[in-house]
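The sequence lines fix the lettering, A, B, ..., with proteins before strands; numbering per chain opens at 1.
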Amino acid sequence: MVNELYPYIVEFEEEAKSPGLETHRKRKRSGNSDSIEGDAAQEAEPSTGLAPGSDPSQCSVPTKKGKDASTKKESLGHWSQGLKISMQDPKMQVYKDEQVVVIKDKYPKARHHWLVLPWASLASLKAVTREHLELLKHMHTVGEKVIADFAGSSKLRFRMGYHAIPSMSHVHLHVISQDFDSPCLKNKKHWNSFNTEYFIESQAVIEMVQEGGRVTVQDGMPELLKLPLRCHECQQLLPSIPQLKEHLRKHWPQ
DNA sequence: GTTCTAGAAC
DNA sequence: GTTCTAGAAC
């Protein structure tokens, strides 16, 4: 029996379409202003037929050090835009459908760590309204499906949620196993971003939008990232990252 | 978001 | 002396 909700599980398929890129460009051209991302940054495509100097809104930096334009780091190449690029790459895609795509986090903070991203241009949770409610629910459902498909036989517990103040542009739902067994988990900020209220449960975001029509983030989020390291399973305080990691081993299943 | 590394902490 | 953290980075 084929589940019609998930017809596009991608495994070895390379030729899959990338509707997001096309849609996004079209919107920008047509002057549709539903995107609140203030980035002339995304226009750094070399072959759009738009003359580089013809857009006064593009405050591009004059060529430095005699490097050619392809080495410019300010626009598409900026690290904060990385998800927009990764989500288009078929090699990164673990799942996709008409609304969302799932990729593995490039620097996973646990044995399993995926990101669910909408194709639609959504800069952050600040841009989310009731019209995105079904999308948020779908992202949640897809997250559960990815867990079932790729870690279904594992004993690991999972959580799904959003960072209160994400570093990377474009709304992304973290789907992460609770072992936190990863060499990429290196500092207090990493730990606290997943183990304090800085991590906002997917379900909570859905309910916020359902009740209030938008997502509000409480004050004091940056301070949460500096809290002492505390085990998420037994609440024990640990004095350093290496000692936290050693401690976490005793909560691993089996 | 990461890398790099000075100097604090041990 | 070594480990570890935390702030700057083109």
Task: Transitive ILVMFWY side-chain link A:Tyr162 to A:Leu122, under 4.5 Å - done: yes
TODO: Looking at every strand, decide which applies to A:Ser80 at a 4.0 Å heavy-atom threshold: base, sugar-phosphate, or nothing.
DONE: nothing
Task: Centroid separation A:His172 to A:His174 less than 6.0 Å - done: yes
- [ ] Answer yes if the ring centres of A:Phe194 and A:His113 are under 6.0 angstrom apart, and no otherwise.
- [x] yes
- [ ] Would you please test A:Ser86 and A:Lys106 for side chain to side chain donor-acceptor pair (under 3.5 Å) and show each step?
- [x] CA-CA 9 Å; A:Ser86 295; A:Lys106 189 176 178 184; over 6 Å; no
Open item on the list: Any base atoms under 4.0 Å from A:Pro166, or only sugar-phosphate, or nothing? Heavy atoms, all strands.
Closed with: nothing
Task: Charged N-O contact under 4.0 Å between A:Lys137 and A:Glu134 - done: yes
- [ ] Go through A:Met92 and A:Lys104 one step at a time and tell me if the side-chain contact (heavy atoms from CB on, under 4.5 Å) criterion holds.
- [x] CA-CA 7 Å; A:Met92 309 283 278; A:Lys104 290 174 114 169; over 6 Å; no
Task: Between A:His251 and A:Asp179: side-chain donor-acceptor atoms closer than 3.5 Å - done: no
Open item on the list: Classify A:His172 by what it touches in the nucleic acid, base, sugar-phosphate, or nothing, heavy-atom distance under 4.0 Å.
Closed with: nothing
Open item on the list: Using a heavy-atom cut-off of 4.0 Å across all strands, would you classify A:Leu83 as base, sugar-phosphate, or nothing?
Closed with: nothing
Task: A:Arg157/A:Glu233 salt bridge by N-O under 4.0 Å criterion - done: yes
TODO: Give the stems involving DNA chain C, where a stem is 3 or more consecutive Watson-Crick or G-U wobble pairs (i with j, i+1 with j-1, and so on) under 3.5 Å.
DONE: B:2-10 with C:1-9
TODO: Compare side-chain N and O positions of A:His190 against OP1 and OP2 of B:dT2 and report whether any pair is under 4.0 Å apart.
DONE: yes
Task: Contact letters for nucleotides 3-10 of chain B, in which S counts primed atoms plus P, OP1 and OP2 and B counts the base, heavy atoms under 4.0 Å - done: S-------
Open item on the list: Expressed as a whole number of angstroms, how long is the span from A:Met168:CE to B:dT2:P?
Closed with: 9 Å
